[in-house]
Each structure stands twice: as structure tokens, then as C-alpha cells.
Amino acid sequence: MTIRFPASSGTDMKRVLILSLSLLLLLCGCSKPHGLEKTDDGYTDEKSGIHYVALDPSYQPAARGEVFAEYKNKDRDIVRAFYEIPQLGTDLFLCDEYWNVYYAGETAPDASLWQLKTILVCEEDGISVERSRLSAGADDAEIALVRMLWFGDTENVLLPITAPAYTFQIKLSGEEYPTLYYNFSMQIYENGEVYFYDAFSRRTVLLPEQLAVALCPADTLPEENG
């Protein structure tokens with residue numbers, strides 16, 4: 001049997017406190033963001049040496065995780081945070097506070113080759129609200145038509161001069177990268193014409209009526225179309 005004296009209890013308590021403090025400091029050290037160094041074409045992780053390059057602005061994360069790294073510009077007193085993308089490893093993917101995606105692999109993702117599982121139609125006004133969707137298995141013909149129109153050799157057209165009545169974001173989601181979207185806009189006009197449009201590449205495609213009806217929320221098309 002071990003007999004404990006009051007003094008030994010105090011010593012044990014000190015040991016527990018020291019151990020707890022050491023563990024806390026260790027955890028804080030582990031969670032410190034990696035430092036990034038800015039280069040001509042992206043950012044390099046100062047710890048791992050992994051180099052990240054920005055993807056086309058059409059690629060966006062479905063969500064952001066914890067802060068993983070930071071870039072500090074001491075001359076301008078700027079700190080820029082970079083985040084994990086859920087389900088995508090930080091050895092390949094990061095995103096910044098503007099939802100730009102950075103990639104570290106040899107071959108960048110190519111949405112034209114994705115096995116599409118959903119196409120979301122979202123209203124963007126501070127937050128993203130899904131208004132309609134196409135799903136693999138139920139809407140395969142429509143999904144194939146979207147792919148053909150946007151990534152195929154469909155001729156570019158001009159947008160109408162007037163402002164659209166409604167603008168939505170089209171988000172393509174594939175099996176390969178479940179938390180990565182490929183985005184472009186869908187613009188609906190008062191006369192019932194509907195266009196896919198990308199502001200960066202200026203690609204513009206006129207939708208056939210059947211696809212417009214399948215994609216557009218019911219209250220956004222003229223009655224003869226909806």
C-alpha cells in the first residue's frame with residue numbers, strides 16, 4: 001500500500017499543471033499556419049516546398065475549411081490567409097479568402113473531362129441559394145447537352161444589349177473532386193432567351209428552349225416558355 005503525504009499531492013498537482021501547459025503549447029505550435037512565399041506565378045510553402053498556382057477563376061471550392069497557411073507582406077503590412085478545402089488534400093489544393101483555388105499538381109483539373117454528378121443553378125446575393133439542379137441518373141440527357149454546349153465547339157454568340165432580367169450561377173460538380181465547382185453564369189432575358197456566359201473568357205452560348213426550361217427556376221421564364 002502506498003501512503004501519500006500532503007506535500008506529495010502538491011508536487012503531483014504541479015506536475016499535472018506543467019504537463020498540461022506543455023501539451024497546450026505543443027498544440028498551439030501544431031496549429032500555427034504555414035508560411036507562404038510569393039513567386040511570379042503563385043505561392044510556395046516555406047515548410048514543405050510545395051508550390052501552388054492559381055486555377056482558372058471558374059474553379060471555386062464548395063466550402064472552406066480551417067486556415068492552413070498565410071502570406072505576409074511586411075512592406076505593405078498585408079496578411080493573406082489560405083484555407084483547406086474539405087475532402088481535398090492541402091498537398092494539392094488551397095483556397096484564399098476570395099474563394100480562388102490554388103493547385104500544386106502537375107496536371108490541373110479539367111472540368112470538361114469530369115464525370116458530372118450534379119449541375120446546380122444558384123442565386124448569388126451575399127450567400128449562395130440553390131434554385132434548381134440537374135442530377136446524374138435522372139437528367140443525363142440535359143447534363144450531356146450542357147457539357148456539349150459549354151465545352152464543345154458551339155459557336156460564340158453576342159449577349160443582348162439590354163440587361164438580363166435574372167442572373168444565376170451554374171455550378172458543375174464532378175465525381176473526381178466532390179468539393180470543387182466549375183462556375184459560369186446563366187442570364188435570362190425578358191424575351192425568354194437564356195445564355196450561358198463567362199465574364200473572364202467572354203464565352204457566350206445561347207440555350208435551346210428545352211434546356212432553358214430544364215435549368216431555369218419556373219418563375220423566371222415567360223409563360224410560353226415555362
Side-chain angles (χ1 to χ4, degrees), residues 30-31 33-34 36 41-45 48 50-71 80-152 167-186 196-201 203 205 207 211 214-217:
C30 291
S31 61
H34 290 217
L36 295 181
D41 63 345
Y43 295 86
T44 299
D45 189 318
S48 66
I50 295 175
H51 184 64
Y52 300 90
V53 177
L55 293 182
D56 185 294
S58 297
Y59 293 93
Q60 291 183 358
R64 286 192 319 208
E66 299 293 326
V67 172
F68 176 79
E70 288 181 344
Y71 163 68
R80 189 174 182 183
F82 290 77
Y83 301 80
E84 301 173 353
I85 301 177
Q87 301 183 46
L88 300 179
T90 54
D91 58 331
L92 285 178
F93 290 94
L94 291 178
C95 70
D96 63 19
E97 65 264 41
Y98 304 108
W99 299 80
N100 298 307
V101 177
Y102 294 80
Y103 184 67
E106 293 183 2
T107 304
D110 184 350
S112 68
L113 303 177
W114 287 358
Q115 182 180 348
L116 297 179
K117 61 178 183 178
T118 55
I119 295 179
L120 305 180
V121 178
C122 296
E123 187 173 355
E124 306 282 329
D125 187 12
I127 61 173
S128 182
V129 178
E130 181 185 328
R131 292 293 306 275
S132 65
R133 70 162 57 196
L134 302 177
S135 300
D139 306 297
D140 290 341
E142 290 80 5
I143 290 175
L145 185 54
V146 170
R147 182 196 297 276
M148 185 272 293
L149 285 173
W150 190 250
F151 296 113
T167 298
F168 296 95
Q169 282 295 305
I170 300 294
K171 300 176 182 284
L172 308 185
S173 174
E175 296 286 350
E176 296 83 351
Y177 305 102
T179 54
L180 188 65
Y181 289 142
Y182 180 88
N183 296 0
F184 49 89
S185 70
M186 180 175 72
F196 287 155
Y197 175 69
D198 178 69
F200 297 99
S201 66
R203 177 148 178 74
V205 176
L207 274 64
L211 184 59
L215 280 173
C216 297

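Computed from a predicted model, the values in this text were never measured in an experiment.
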### Task
Answer yes or no: is there a side-chain heavy-atom contact under 4.5 Å between Asp96 and Tyr43?
no

### Task
Taking the side chain as every heavy atom from C-beta outward, state whether Lys117 and Pro178 have any atom pair closer than 4.5 Å.
yes

### Arg64 side chain vs Glu97 backbone, donor-acceptor pair below 3.5 Å
yes

### Query
Under 30°, 30 to 60°, or over 60°: which ring-plane class applies to Phe184 and Phe196, parallel, tilted or perpendicular?
perpendicular

### Task
Specify the closest pair of heavy atoms between Leu172 and Phe151, including all atoms of both residues, with the distance to one decimal.
CD1-CE1, 3.7 Å

### Query
How far does CG of Leu215 sit from CG of Leu134, to the nearest 0.5 angstrom?
4.5 Å

### Query
So which heavy atom on Tyr59 is nearest to which on Pro109, and how close?
OH-O, 3.1 Å

### Query
Can you name the nearest heavy-atom pair linking Pro86 to Ala63, along with the distance?
CD-O, 3.3 Å

### Query
Which one of Phe93, Phe82, Phe68, Tyr83 satisfies the ring-ring contact (aromatic ring centres under 6.0 Å, His included) criterion with Tyr102?
Phe82

### Query
Does a side-chain heavy-atom distance below 4.5 Å link Val121 with Ile170?
yes

## Note on the structure
One should read off an interatomic distance between Gln60 CD and Leu180 CG, to the nearest 0.5 angstrom, of 9.5 Å

### Query
Would you say Asp198 and Trp150 make side-chain contact, with heavy atoms under 4.5 Å?
yes

## Note on the structure
When rounded to the nearest 0.5 Å, the distance separating CG of Leu145 from CZ of Arg147 is 11.5 Å

### Message
Main chain of Thr118, side chain of Ser173: is a donor-acceptor contact present, judged purely on distance under 3.5 Å?
### Response
no

### Query
With distance as the sole test, does Thr90 use its side chain to make a donor-acceptor pair with the main-chain N or O of Glu84 at under 3.5 Å?
no

### Summary
Taking every heavy atom of Ala108 against every heavy atom of Tyr103, the minimum-distance pair comes out as CA-CE2, 3.6 Å

### Query
Atom CG in Asp91, atom CG in Asp45: separation rounded to 0.5 Å?
11.0 Å

### Task
Applying side-chain contact (heavy atoms from CB on, under 4.5 Å), name anything that partners Gln115, two or more places apart in sequence or on another chain.
Glu175, Glu176

#### Entry: Closest heavy-atom pair and its distance - Pro61, Val101
CD-CG2, 3.5 Å

### Query
Which atoms form the tightest heavy-atom contact between Ser185 and Thr167, and what is the distance?
CB-CG2, 4.3 Å

#### Entry: Met148 CE to Leu211 CG distance, which is reported to the nearest 0.5 Å
9.0 Å

### Message
Within the supplied structure, the quantity of interest is the number of heavy atoms (other residues, nucleotides, ligands) at a distance under 6.0 Å from Asp41 CG; does it exceed 12?
### Response
yes

### Tyr177 vs Ile85 side-chain heavy atoms within contact, under 4.5 Å
no

### Query
Quick one: does Ile119's side chain get under 4.5 Å of Asp139's, heavy atoms only?
no

### Task
Could you tell me the separation between the CD atom of Glu130 and the NZ atom of Lys171, rounded to the nearest 0.5 Å?
10.5 Å

